[in-house]
> 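The structure's right below; bear with me while I get my questions together.
When reading the values below, keep in mind they use all heavy atoms of this one structure, side chains included, and skip hydrogens, waters and symmetry mates. Throughout, protein chains are lettered first and strands after them, A, B, ... in sequence-line order, and every chain is numbered starting at 1. Given the structure is predicted, the values throughout are model-derived calculations rather than measurements.
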Amino acid sequence: MTAFHPINIALFAILVITALAIARIRQLFAAAMLSGLFSLACACIFVLHDAVDVAFTEAAVGAGMTTVLFLCTLALTDSREKSTPPRRSVPAALAALLTGAALIYASADLPKFAAADTPVQQHPLTERYLRDSATEIGIPNVVTSVLASYRGYDTLGETVVIFTAAIAVLMLLGRTAHAKTSDAVMSLHTRHRVLRVVTKLLVPFILVFALYVQFHGDYGPGGGFQAGVIFASGLILYGLVFGLEAARGVAPVRVLRRLVAAGVLIYGGVGVATLVAGGAFLDYDALDPGHPATGQHLGILLVELGVGITVAAAMLMLFLSFAGRRDAR
Amino acid sequence: MLLAATLALLAAMLLALGRALLGPTLFDRILAVNSFGTKTVLFIAVSGFLAGRPHFLDIALVYALINFTGTVAVLKLTHHGEFGAAGAPEQQEGDL
Amino acid sequence: MIASHYSYWVSMALMMIGLYVVMSHANLVKKLIGLNVFQVAVFMLYISLGKRADGTAPILDSAFAAYSHPLPHVLILTAIVVGVATTALGLALTVRIHEAYGTTDEDDALKRDSAQGEPR
Amino acid sequence: MNVILIASDLLLGAGMLFVLTGAAGLYRLPEFFTRTHAASITDSAGAGLVLLGLLLRVEDLATGLRLLLILLFLMFTSPTASQALARSALDDGLRPLVRLGKRPR
């Protein structure tokens, strides 16, 4: 792409302006919305830098999920912050400036941006991932190969982190009483008829799209993490428009709790299965001796499914915990 | 033409960002952020063609979806009361 | 130097804006928003290290020869999802602090603590 | 082939005109309801024309289908979001500034 740099610089300008505005603005609802916009612009940069899978995730998680959680929190707490006194801002600014100067001084040792001969690109692992994975794993999306197979151990850890965080949030905010739908919610229902009809049309489409993302992750951008968040955001949209009660009817917390654990169990179970089959932990070649490519396909499919289930259930649980807190009070 | 389109979209994004920063009401900001989101959808679509690899349009679809969900969430959580409680009117001013 | 490094510098500047917000603001939600900005800036730095000028997205296709490095993408992809999990935990703690102290302002909460005497 | 490319360029150019008009309106118009009007120009005419322009450049079916899906999705969500937003603003007591016999600031 010949026009890489002008586009890059324009997006950077948007990011810097947004970040400065976030630092300055004291209306926290506006700050949360701007942080969503920041994530969206950042996802554009990721696309520009060829990280399509990351852009996918950042858009769904950073711009969608995080913003919704911030808004839920603000609805539960104060939406304005007090002005920052100089005794706080001056030392902080000094520390940030010093750290920034040190970082920029250190950046002189970083390789040239986007060059083909950087240590990153010259590392033997690059060849392994970009050339040999086509025969070793047999799927076109290298990010999925690395995520689910080469670094499957690491991804298991990440899945457990999400599981743990969901459990911790449930311990802090969960166990809320089921409240009756009050008048304010009803007014949203009767007055926003267009919104209701369109949402009803869209939600099934979003859920099917999430399944497509889940199972198309081998061939294009997508996979369990992204699909899980998209699936959850479909149901969150449903809950936002039709009320929490309706969302709980579709996905009761009791079921979600089991699903969060089930996803991790599927992932770990695949590892145990490979051990039983005589391979190393999470070495999918052992799943189908003689046909490593088939084994890899099966292993990645199951592992991604586990990730998808855990992420979808955890995200929904987070949303229901935060949104349900208001009902309980 | 694709390049011109991309640059025009970036300019439009900057204008929308300007409105999001200026406010003055919360609704102006929501409108501007929503409009910014639509422009990023178009940006992803056009830049895929510009880079000569337009196979990743799924991302643009996700952007459109997230944009809609986000707007509904902001509307619901700032305006219509927070899942059952009465709306808090003091949250409606949007000054800096 | 500018042409070859500005990408890193912007990431670093964004990081510092995030750091400034985390350190200077007393409001806990605002701190988390700042942390989010910091986090996304780190993601950008990682991704820009994997970029190749002549490369394309690391999804193999016989029509392309050069690809950007997939490893940073994998690390950051999982980091994003873990990031939302930790942010959610921080927000949950904020909600509980607000319920206990009636404020999300760090200074006010500490003031209330010291007004009630040292905690046992 | 060339004719198709020219047609695509024309559609893209027209779309860009609408996108920029809408963005300028969003930035410059005096109050919320007029800005809603400007924003919906970007969302409907702008997005539609740009995506149609891209559709003429598509080489395989899958990409074309995705473009159509995006178009369909935007055609559903953008007007809905605008309508819900304007309605909420009205419910909230925000009123259009423009009245008969009175010029907006």
Side-chain angles (χ1 to χ4, degrees), chain A residues 12 15 19 22-23 28 31 35 42 45-46 49-54 57-58 61 65-66 69 73 76-78 81-82 84 88-89 92-93 95-96 100 103-104 107 110 112-114 116 120-121 126 129-130 134 140-143 146-147 151 155 158 161-162 165 168-169 172-173 225 318 325, chain C residues 4-5 7-10 12-14 16-17 19-21 23-27 29-30 33 36-37 40 44 47-61 67-71 73-74 76-78 80-82 84-89 91-96 98 103-105:
Chain A
F12 276 149
L15 282 177
I22 290 174
L28 289 175
S35 102
C42 200
I45 291 222
F46 290 152
H49 288 190
D50 299 334
V52 280
D53 275 287
V54 181
T57 321
E58 177 65 33
V61 173
M65 205 52 216
T66 313
L69 289 181
T73 310
L76 290 171
T77 60
D78 307 326
E81 67 168 336
K82 299 199 291 190
T84 308
R88 291 194 74 106
S89 61
L103 276 176
I104 285 177
S107 76
L110 280 174
K112 268 189 181 160
F113 174 65
V120 178
Q121 310 292 355
T126 313
Y129 285 161
L130 288 177
N141 189 349
V142 186
V143 175
V146 179
L147 181 89
R151 294 183 62 86
T155 309
E158 313 276 12
V161 170
I162 294 159
V169 171
L172 283 166
L173 299 180
F225 285 104
L318 292 179
R325 194 72 182 170
Chain C
S4 64
H5 282 65
S7 214
Y8 307 135
W9 294 341
V10 173
M12 287 164 182
L14 290 174
M16 287 312 115
I17 295 173
L19 184 66
Y20 168 76
V21 174
M23 289 195 297
S24 69
H25 286 253
N27 188 294
V29 180
K30 188 67 174 274
I33 293 177
N36 216 36
V37 170
V40 172
M44 272 170 50
I47 296 296
S48 63
L49 285 172
K51 167 73 183 162
R52 241 180 102 154
D54 56 346
T56 172
I59 292 171
L60 303 178
D61 188 329
Y67 300 96
S68 289
H69 203 289
L71 188 55
H73 302 182
V74 175
I76 296 313
L77 198 161
T78 49
I80 290 174
V81 184
V82 171
V84 74
T86 49
T87 305
L89 193 55
L91 288 173
L93 287 169
T94 309
V95 169
R96 289 300 294 265
H98 183 262
T103 177
T104 49
D105 194 285

> Which distance, rounded to the nearest 0.5 Å, do you find between the CG of A:D78 and the OG1 of C:T94?
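So the CG of A:D78 and the OG1 of C:T94 are separated by 11.5 Å.
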> Let me know if A:T57 has heavy atoms under 4.5 Å from chain C in its side chain, its backbone, both or neither.
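Both backbone and side chain.
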> Measuring from C:S4:OG to A:F113:CZ, what's the distance to the nearest 0.5 Å?
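Atom-to-atom, C:S4:OG and A:F113:CZ are 10.0 Å apart.
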> Under 3.5 Å, is there a donor-acceptor pair between the A:T126 and C:H69 side chains?
yes
> With side chains defined as the heavy atoms from C-beta onward, is the minimum distance between C:Y20 and A:S89 less than 4.5 Å?
yes
> Between A:Q121 (side chain only) and C:G50 (backbone N and O only), is there a donor and an acceptor less than 3.5 Å apart?
yes
> Who among C:D61, C:L19, C:V81, C:T87 has the most heavy-atom pairs with chain A under 4.5 Å?
C:V81
> Return the minimal non-hydrogen interatomic distance between A:I162 and C:A85, and the atom names on each side.
CA-CB, 4.3 Å
> Between atom CD1 of C:I59 and atom CG of A:N141, what is the distance when rounded to the nearest 0.5 Å?
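If we round to the nearest 0.5 Å, C:I59:CD1 and A:N141:CG are 4.0 Å apart.
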> Where does C:V21 contact chain A at under 4.5 Å (heavy atoms): side chain, backbone, both or neither?
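Only the side chain of C:V21 comes within 4.5 Å of chain A.
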> Is a side-chain donor or acceptor of C:K30 paired with a backbone partner of A:A31 at a separation under 3.5 angstrom?
no
> Would the distance check show the side chain of C:R96 and the main-chain N or O of A:L172 forming a donor-acceptor pair, the cut-off being under 3.5 Å?
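Yes.
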> Working to the nearest 0.5 angstrom, can you tell me the gap between A:K82 NZ and C:H25 NE2?
13.5 Å
> Go through A:S107, A:A19, A:A95 and name the one with the most non-hydrogen pairs under 4.5 angstrom from chain C.
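Looking at each of A:S107, A:A19, A:A95 in turn, A:S107 comes out on top.
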> Strictly distance-based, threshold 3.5 Å: is any side-chain N or O of C:H73 a donor or acceptor partner for the main-chain N or O of A:D53?
no
> Quick one: what part of C:A13 sits under 4.5 Å from any heavy atom of chain A, side chain, backbone, both or neither?
neither
> Can you tell me how far the CG atom of A:L76 sits from the OG1 atom of C:T104, to the nearest 0.5 Å?
11.0 Å
> Given that the side chain runs from C-beta out, which part of C:V10 has a heavy atom under 4.5 Å from chain A: side chain, backbone, both or neither?
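The side chain, not the backbone.
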> Atom CE of C:M16 and atom CG of A:L103: how far apart are they, to the nearest 0.5 Å?
4.5 Å
> Should A:V142 and C:Y67 count as side-chain neighbours, where that means a heavy-atom distance under 4.5 Å?
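Contact flag for A:V142/C:Y67 side chains = no.
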> For A:V54 versus C:L77, what's the shortest heavy-atom pair and its separation?
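Looks like CG2-N, 4.4 Å.
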> Out of A:A92, A:A114, A:A165, return the one with the most heavy atom pairs under 4.5 angstrom to chain C.
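That would be A:A114.
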> Please name the pair of heavy atoms, one in A:H49 and one in C:S7, separated by the smallest distance, quoted to 0.1 Å.
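In terms of heavy atoms, the two residues are closest at CE1-OG, 4.0 Å.
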> Please classify the contact between A:L318 and chain C as side chain, backbone, both or neither, with a heavy-atom cut-off of under 4.5 Å.
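Contact with chain C: side chain only.
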> Under 4.5 Å heavy-atom distance to chain C, tell me which part of A:T84 shows up: side chain, backbone, both or neither.
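Just its side chain gets close to chain C.
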